[in-house]
Novice: 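Before we start, here is the structure in question, set down as structure tokens.
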Amino acid sequence: MTDEIANFIPSLLASPSLLYNVIGLVIYAVVVAIIFSLFSYVMGWLERKIIAKAQYRHGPTYVGKWGIFQNLADLVKLLSKEEIELDNADRLLFMAGIPLLVAAAIFTIFLLPLSPTMQATNLSFGILLVFVIIAFTPILLFIAAFSSGNKFADISAQRSVLILFSYEIPMILVIAAIALLAKGYNIQDIVGAQSPYYFAVLMPLGLVIMFIGMLAELERHPFDLREADSELIAGWLTDVSAPYYALALFLDYARVFMGSVLMAILFFGGWLGPPMIPLPGLFWLILKAFLIGIFIIFIRATAFRMRIDRVLRFGWSWLVPLSIINLIITYIIFVR
Amino acid sequence: MKVEREKFSETVDKMRKEGFDYLVKITAVDYGDHLEAVYMLRSIAGNKDETLEVQMPEDDAWMPTIIHLYKAADWYEREMHEMFGISIKGRRMDRLLLEKWDGIDPPFRKTFVWDTPYRTDEGKK
Amino acid sequence: MTITRINIGPVHPSTHGVLRLVVDIEGDTIVKVEPHIGYLHRGVEKLAETRMYMQIPPYTEKLDYVAPMSYDDAYVAAVEAALGVDVKERAQYVRVILLELQRIASHLFGIGAMCNDMGQMFTVFMWGFKDRDIVLKLLEDATGSRMFYVNMRLGGLVRDLPPGFEDEALEKLDYIDRRIKEYESYLEKNSIFMERTKGIGVLDTEAAINLGITGPPLRASGVDYDVRKNNPYYVYEKLHFSPMVLYSSDNFARYKIKIMEIKESIRLVREAFRLMPEGDALGMPVKLRSPDTKNRIVRVSRELPRGECVMYMVGDQQKPYRLSIRSPNFINLAALDEMSRGGRIADLFATMGSLDLVMGCVDR
């Protein structure tokens with residue numbers, strides 16, 4: 001029964017009729033959207049709770065059991081607030097910026113398969129396409145920030161572009177090492193190559209580089225220079241008013257979901273679980289992504305913000321050489 | 001220690017050379033018939049404090065600057081200028097420090113009228 | 001490169017109140033910082049001229065709302081000097097205990113706020129607040145209110161320490177002592193913290209003296225000056241107090257000196273409890289008619305948590321003719337330009353946090 005349901009969407013997608021393909025894609029999109037919204041919501045709540053625990057607070061307690069509906073209440077509040085029209089802003093670009101960013105983030109999520117059968121497409125260069133779209137993010141972000149006409153947003157966008165461009169290179173080099181191990185850029189192949197050993201075991205250096213790079217990509221602490229609330233007020237979101245701000249928060253969690261699922265797929269065997277426990281692959285993937293997300297929250301609760309020049313120096317003088325070394329070691333040990 | 005205004009600059013100069021390297025505070029007192037500027041100097045190494053009191057008439061209130069000797073004098077002199085209307089000779093003051101409006105009665109003088117209605121932005125400039 | 005002028009504040013997450021900074025930056029490097037102050041100027045000095053002597057402490061307390069007890073003491077000490085009142089011996093010890101407790105609370109807040117300014121996600125800030133609250137609870141037990149105490153009277157205090165206060169205080173101080181070690185191990189083993197404080201915002205000894213900065217920043221710049229030692233008041237002489245001095249003059253020294261002063265304060269409180277005599281600590285009633293103090297000039301120095309406060313008071317009949325307050329934060333803020341010039345924009349906030357500013361005290 002579960003197999004039938006699991007194979008329903010792929011069978012639609014594989015059918016020769018275009019109509020069925022479209023229907024399959026729409027159903028898939030709805031399913032993924034539900035999974036990913038639930039994940040982001042629980043993640044947002046956990047983030048508040050965990051950070052509160054680290055600070056001897058209680059976090060939200062009032063709305064619902066353990067304050068589980070607090071984020072929903074905040075969302076309703078944000079959506080009901082006034083939208084401020086800015087004099088200095090380029091109206092069209094400013095309004096388009098954040099929705100475009102969200103669209104890019106969601107696009108990457110749909111490119112990632114969630115189980116051997118649950119996926120929208122199966123491209124031979126799947127992981128590369130994901131990183132190409134991630135590389136688009138700084139440009140869109142720069143547009144969104146620059147068009148608001150605020151100097152804080154301006155500085156924040158410049159920082160963001162610098163970070164994203166300099167951390168892209170070590171990440172791509174790690175991807176190259178993974179491709180050496182998996183003999184291809186197909187995501188199904190990458191996960192398939194991780195039994196019996198996860199790439200985290202085979203390539204611990206690559207894991208560290210990729211995790212740091214991913215933190216920088218997602219701009220979580222200690223790389224949260226984009227939003228640096230004690231310096232730049234809210235960075236690129238300084239002039240963003242309520243509904244767009246809600247969208248920007250959504251974007252943040254979308255990117256966390258994307259990042260942790262990507263980490264789970266690349267290094268922790270994706271949907272592969274212990275074979276003696278018969279649970280669907282999706283469960284294992286979400287579990288792993290969840291644990292990675294919680295780890296990111298732990299870092300957020302403790303880390304200090306790095307300075308931009310130091311972030312760049314660290315990226316170029318440590319991560320890039322290390323990722324090259326990682327590539328060479330991987331080649332020598334596993335390929336030759 | 002009472003000092004005359006004409007001799008003030010050289011006195012401070014001399015004290016700076018004697019080791020009074022720390023400016024504690026510049027303030028002023030309005031005694032009704034005359035103003036008195038108070039300079040508190042300190043020698044950190046010698047652990048000595050000295051107070052210089054300079055008297056001046058109300059309608060001819062000015063003091064020479066000592067900012068070239070003590071950078072700390074910068075904000076104190078500006079505060080004294082704003083609050084007591086004592087103009088500081090020998091330095092520039094680009095903007096007001098604590099007050100928002102230029103040219104109102106110096107508020108810390110005794111002649112300042114208490115029950116002035118609240119000023120708005122359209123008030124005196 | 002072109003110079004950009006950005007305006008930070010008066011409404012900004014890390015300006016500690018209402019401070020406005022106009023910052024000229026060239027790329028990421030600071031060319032000039034111009035603090036605009038006066039948003040909290042309440043004219044306390046002028047207001048004091050219209051009140052009776054003992055009606056003023058509630059106003060002076062609100063200058064520094066993080067360490068009100070210290071201002072309370074500084075003002076009352078000025079009045080005592082003007083009227084020639086001696087403080088009772090037990091009251092001196094009690095005052096020292098309360099002032100040092102206030103210093104601990106204030107420094108805990110300062111460390112937390114500095115970490116917050118450096119982009120820590122409020123964790124140390126909240127720790128500081130929690131531990132500060134424990135000290136505030138002690139002060140509440142001793143004085144009856146949690147934040148604004150108005151606890152000093154001429155020659156003594158409103159009330160003596162409650163019974164059982166000593167045991168409770170010593171127990172709480174042991175806890176604070178342990179927490180301080182935790183702070184140290186957390187912060188000083190954190191490479192990002194060290195990197196963002198070591199060698200940032202340097203102000204060498206000569207410049208520190210010339211700029212007239214005071215308190216922990218002055219001692220962090222290698223100047224061995226503490227009013228408690230150099231011009232001792234109350235029983236600090238008997239308590240074997242030695243000022244904390246560091247020589248690296250950077251943000252780390254300004255943070256570290258606060259940690260060291262907390263430890264020293266804990267030690268002082270313990271010693272004061274040991275030496276404190278029995279007896280009476282109550283001060284004179286508020287409505288006392290004082291002798292004529294016309295044209296009597298007094299000058300009293302006190303070491304507040306943030307630096308030296310000088311009360312210059314010209315007496316009048318029953319009230320001050322002129323009260324001039326040297327606020328430590330005012331002159332420390334004036335040195336911000338010198339400290340942060342040539343640094344990065346992100347370090348401006350770390351430097352500002354290390355100065356531990358309270359805007360109510362800057363503007364008066």
Side-chain angles (χ1 to χ4, degrees), chain A residues 47-48 50-59 88 149-159 161-163 212 215-216 219-235 237-239 296-314 318, chain C residues 4-9 11-16 21-25 27-29 112-131 133-134 179 186-200 255 343-353:
Chain A
E47 181 157 21
R48 296 175 85 153
I50 290 175
I51 290 180
K53 270 279 170 287
Q55 300 171 351
Y56 303 103
R57 294 187 287 120
H58 293 291
N88 290 347
N150 184 310
K151 280 175 192 166
F152 288 110
D154 211 8
I155 296 173
S156 143
Q158 289 166 13
R159 286 178 172 188
V161 168
L162 282 171
I163 294 177
I212 295 174
L215 278 182
E219 292 178 275
R220 307 292 289 181
H221 284 71
F223 301 103
D224 70 324
L225 294 118
R226 186 182 64 186
E227 264 194 52
D229 49 355
S230 63
E231 295 161 25
L232 302 181
I233 305 179
L237 296 175
T238 305
D239 276 344
I296 294 176
I297 295 174
F298 280 158
I299 293 176
R300 185 173 183 217
T302 51
F304 283 80
R305 187 182 305 120
M306 284 173 91
R307 224 171 49 189
I308 180 69
D309 56 331
R310 180 65 183 142
V311 170
L312 298 182
R313 194 145 24 97
F314 181 71
W318 284 96
Chain C
T4 318
R5 171 165 289 192
I6 57 174
N7 176 48
I8 296 167
V11 183
H12 185 275
S14 59
T15 47
H16 298 249
L21 298 173
V22 177
V23 187
D24 290 350
I25 51 172
D28 206 24
T29 311
M114 178 185 175
C115 292
N116 189 25
D117 288 352
M118 284 196 303
Q120 225 258 351
M121 183 64 209
F122 291 101
T123 303
V124 179
F125 188 65
M126 285 293 168
W127 290 6
F129 252 78
K130 177 174 171 275
D131 298 337
D133 226 58
I134 288 169
R179 290 289 293 169
Y186 170 46
L187 293 174
E188 286 164 35
K189 283 177 189 158
N190 189 328
S191 66
I192 303 179
F193 176 82
M194 295 303 272
E195 196 178 278
R196 289 206 53 187
T197 49
K198 283 257 177 192
I200 306 292
Y255 142 79
R344 306 280 170 169
I345 182 95
D347 291 331
L348 169 66
F349 299 96
T351 311
M352 208 160 73

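Here is how names work: the chains are called A, B, and so on, in the same order as the sequence lines, proteins then strands, and each is numbered from 1. Predicted model, so just to flag it, every value in this text is computed and none were measured. What you see below is based on every heavy atom in this structure, not just the backbone, and it leaves out hydrogens, waters and symmetry mates.
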Novice: Check whether Leu225(A) gets within reach of chain C through its side chain, its backbone, both or neither, counting any heavy atom under 4.5 Å.
Specialist: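 The answer is neither part of Leu225(A).
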
Novice: Check each atom of Phe122(C) against the heavy atoms of chain A and say whether the ones under 4.5 Å are side chain, backbone, both or neither.
Specialist: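 Answer is both: backbone and side chain atoms of Phe122(C) are under 4.5 Å from chain A.
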
Novice: Quick check on the interface: out of Thr302(A), Asp224(A), Ile51(A), who has the most heavy-atom pairs with chain C under 4.5 Å?
Specialist: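 Heavy-atom pair counts peak at Thr302(A).
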
Novice: Would a 4.5 Å heavy-atom cut-off, applied to side chains only, mark Met118(C) and Arg305(A) as touching?
Specialist: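 No, side chains not in contact.
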
Novice: Do Tyr56(A) and Met126(C) have side chains that approach each other closer than 4.5 Å (heavy atoms only, starting at C-beta)?
Specialist: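 No, too far: nothing below the 4.5 Å cut-off.
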
Novice: Is there side-chain contact between Asn7(C) and Leu21(C), with at least one heavy-atom pair below 4.5 Å?
Specialist: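 They are not in side-chain contact.
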
Novice: With a 4.5 angstrom heavy-atom cut-off, which part of Asn116(C) approaches chain A: side chain, backbone, both or neither?
Specialist: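 For Asn116(C), backbone heavy atoms alone lie under 4.5 Å from chain A.
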
Novice: Within the 4.5 Å heavy-atom criterion, are Pro222(A) and Phe304(A) side-chain neighbours or not?
Specialist: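 Not in contact.
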
Novice: So what's closer than 4.5 Å to chain A heavy atoms on Ile200(C): side chain, backbone, both or neither?
Specialist: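 Side chain only.
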
Novice: Would you call Arg57(A) and Lys130(C) a side-chain contact if the rule is heavy atoms closer than 4.5 Å?
Specialist: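 SC-SC contact between Arg57(A) and Lys130(C) ruled out.
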
Novice: Please look at Ser191(C) and chain A and tell me whether the side chain, the backbone, both or neither of the residue comes under 4.5 angstrom of a heavy atom of that chain.
Specialist: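 Nothing of Ser191(C), per the 4.5 Å heavy-atom cut-off to chain A.
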
Novice: Of all residues at least two apart in sequence or in a different chain, which pass the side-chain contact (heavy atoms from CB on, under 4.5 Å) check with Gln158(A)?
Specialist: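 Scan of Gln158(A) (side-chain contact (heavy atoms from CB on, under 4.5 Å), adjacent residues dropped) gives Phe142(A), Asp154(A).
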
Novice: Let me know if Ile345(C) has heavy atoms under 4.5 Å from chain A in its side chain, its backbone, both or neither.
Specialist: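 When you check distances to chain A, only side chain atoms of Ile345(C) fall under 4.5 Å.
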
